[in-house]
Amino acid sequence: MQIGLVGLGKMGGNMRERLRRAGHTVIGFDTNPAVSDVPHLSDLVDQLDGPRAVWVMVPAGGPTQEVIDRLASLLKHDDVVVDGGNSRWTDDEKHAKELAARGIGFVDAGVSGGVWGLEHGYALMVGGEAEYVQRLKPIFDALKPDGPYGYVHAGKVGAGHFAKMVHNGIEYAMMQAYAEGWELLEKVDSVDNVREVFRSWQDGTVIRSWLLDLAVNALDDDEHLRKLRGYAEDSGEGRWTVEAAIDNAVPLPAITASLFARFASRQEDSPQMKMVAALRNQFGGHAVETKKA
């Protein structure tokens, strides 16, 4: 099958390679000419036979909107666009409507797999009309992991990115739990081999997972994580998950707390803890620490 792929970064470039290994023809475009197959987006469209399929793999928001606007002017009736980036599901509904006005189909695909996807495959959560999803099935089959799992047609437009958003929210909470357990193990005097405790959990325990495997990899590289600063960004999906929970009155205490923990990591001197310390001193005479001049 032929497909165009826009965005050849860490994931997009590897997806192009995995598809080619499966025998598909991929025309890739990127603003970096060193990795692009064609000089312009219009050249990508021109090299595809109709009905065309173009997969967009660029950052969410403005960059995705810009590419979709450009494709809307280049593609023809019955072509289809796939947004495989981390777009918000509400943007999918907007993009689908804009493209449908020109007779162009739209599919949203939540993609998980990161830098490991080239070898192990990408988990795909897809939303859109069955007609377009079925047309793209050979591409999904090539990208997904081997075996029966790793792909789902989750529902109508927006369902794929919504499912991926919830997936990432769960990921936030799982990472926070491993991080809290690791810190507690490092803190006590009785445990003197925290890395091997984590390694022992990789087999036969109910908390074994790929994230645990990756944690062990990180500890093998830097046993006590002394090279790292305790700072963590969030990519947006954690926030969207919490916002969706509020909109739907669904309690998400673990995911919400894990998001707020990331916010706390960015404060070198927590304003909230200043108030907590001041109050403890006021009502109980507890000692406070003052800043050094």
Side-chain angles (χ1 to χ4, degrees), residues 10-11 14 112-123 145 147 149-150 164-239 241-242 251-293:
K10 291 179 181 178
M11 286 188 70
N14 282 344
S112 181
V115 297
W116 300 84
L118 174 59
E119 298 302 327
H120 300 294
Y122 300 89
Y149 306 117
K164 176 58 162 50
M165 177 196 73
V166 174
H167 164 282
N168 281 25
I170 293 170
E171 180 185 286
Y172 273 49
M174 291 176 65
M175 286 192 287
Q176 184 65 25
Y178 284 130
E180 291 175 7
W182 173 79
E183 181 178 357
L184 181 57
L185 287 166
E186 285 277 341
K187 187 74 172 180
V188 300
D189 293 332
S190 58
V191 180
D192 57 17
N193 201 342
V194 175
R195 178 179 61 188
E196 295 310 309
V197 170
F198 262 60
R199 197 188 310 279
S200 75
W201 292 344
Q202 289 181 276
D203 193 14
T205 73
V206 297
I207 63 167
R208 64 188 184 274
S209 72
W210 188 36
L211 278 176
L212 178 62
D213 296 341
L214 295 176
V216 172
N217 288 350
L219 296 174
D220 281 339
D221 291 339
D222 182 5
E223 183 174 357
H224 301 288
L225 303 183
R226 293 192 176 111
K227 299 175 185 177
L228 300 180
R229 178 187 168 202
Y231 179 102
E233 278 288 1
D234 65 286
S235 60
E237 287 136 316
R239 300 187 190 209
T241 304
V242 173
L252 299 185
I255 292 174
T256 302
S258 67
L259 174 64
F260 287 175
R262 295 196 185 192
F263 297 164
S265 78
R266 300 165 203 171
Q267 298 177 328
E268 293 183 6
D269 187 22
S270 169
Q272 294 176 27
M273 290 304 104
K274 290 180 182 181
M275 177 57 73
V276 170
L279 289 171
R280 292 181 74 247
N281 176 258
Q282 289 293 320
F283 71 68
H286 300 287
V288 296
E289 294 185 11
T290 58
K291 281 188 174 181
K292 296 180 181 179

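Residue numbers run from 1 in the order of the sequence given.
One side chain, Y231 or E233, offers a donor N or O that lies under 3.5 Å from an acceptor on the other. Using modelled atom types, one finds no donor on one side chain facing an acceptor on the other under 3.5 Å when comparing Y172 with T241.
Taken to the nearest 0.5 Å, the CD atom of E237 stands 12.0 Å off from the CD1 atom of I255. Interatomic distance, CD of E196 versus CG of L219, reported as 9.5 Å (0.5 Å rounding). Rounded to the nearest 0.5 Å, atoms CG (N168) and CD (E171) are 5.0 Å apart. Separating the OG atom in S258 from the CE atom in M175 is a distance of 8.0 Å, to the nearest 0.5 Å.
Other residues, nucleotides and ligands contribute more than 12 heavy atoms inside 6.0 Å of the CG atom of D221.
A search for salt bridge (charged side-chain N to carboxylate O under 4.0 Å, His left out) contacts involving R208 returns nothing, not counting sequence neighbours. Residues passing the salt bridge (charged side-chain N to carboxylate O under 4.0 Å, His left out) test with E223 are R195, sequence neighbours excluded. With sequence neighbours left out, the side chain to side chain donor-acceptor pair (under 3.5 Å) criterion links N193 to no other residue. Every residue two or more places apart in sequence or in another chain that forms a side chain to side chain contact (heavy atoms under 4.5 Å, CB included) with V166 is listed here: F162, I170. Considering only residues two or more places apart in sequence or on other chains, S265 meets the side chain to side chain donor-acceptor pair (under 3.5 Å) condition with none of them. The side chain to side chain donor-acceptor pair (under 3.5 Å) check on H224 picks up E186, with sequence neighbours excluded. Taking the side chain to side chain donor-acceptor pair (under 3.5 Å) definition, one finds that R266 meets it with D234, sequence neighbours left out. Under the salt bridge (charged side-chain N to carboxylate O under 4.0 Å, His left out) criterion, R226 pairs with no residue, sequence neighbours left out. Residues passing the side chain to side chain contact (heavy atoms under 4.5 Å, CB included) test with S112 are A123, M125, K164, H167, sequence neighbours excluded.
Side-chain atoms of F263 and R239, non-hydrogen and from C-beta on, do get closer than 4.5 Å to each other.
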Table please: side-chain donor-acceptor pairs of residues 210-217 below 3.5 Å, with sequence neighbours left out.
{"unit_1": "D213", "atom_1": "OD1", "unit_2": "Q202", "atom_2": "NE2", "d": "2.7"}

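Not a single donor-acceptor pair under 3.5 Å links the side chain of N14 to the backbone N or O of L118.
Closest heavy-atom contact between V197 and V191: CG2-CG1, 4.1 Å. Between G114 and Y122, the shortest heavy-atom contact is O-CE2, 3.8 Å.
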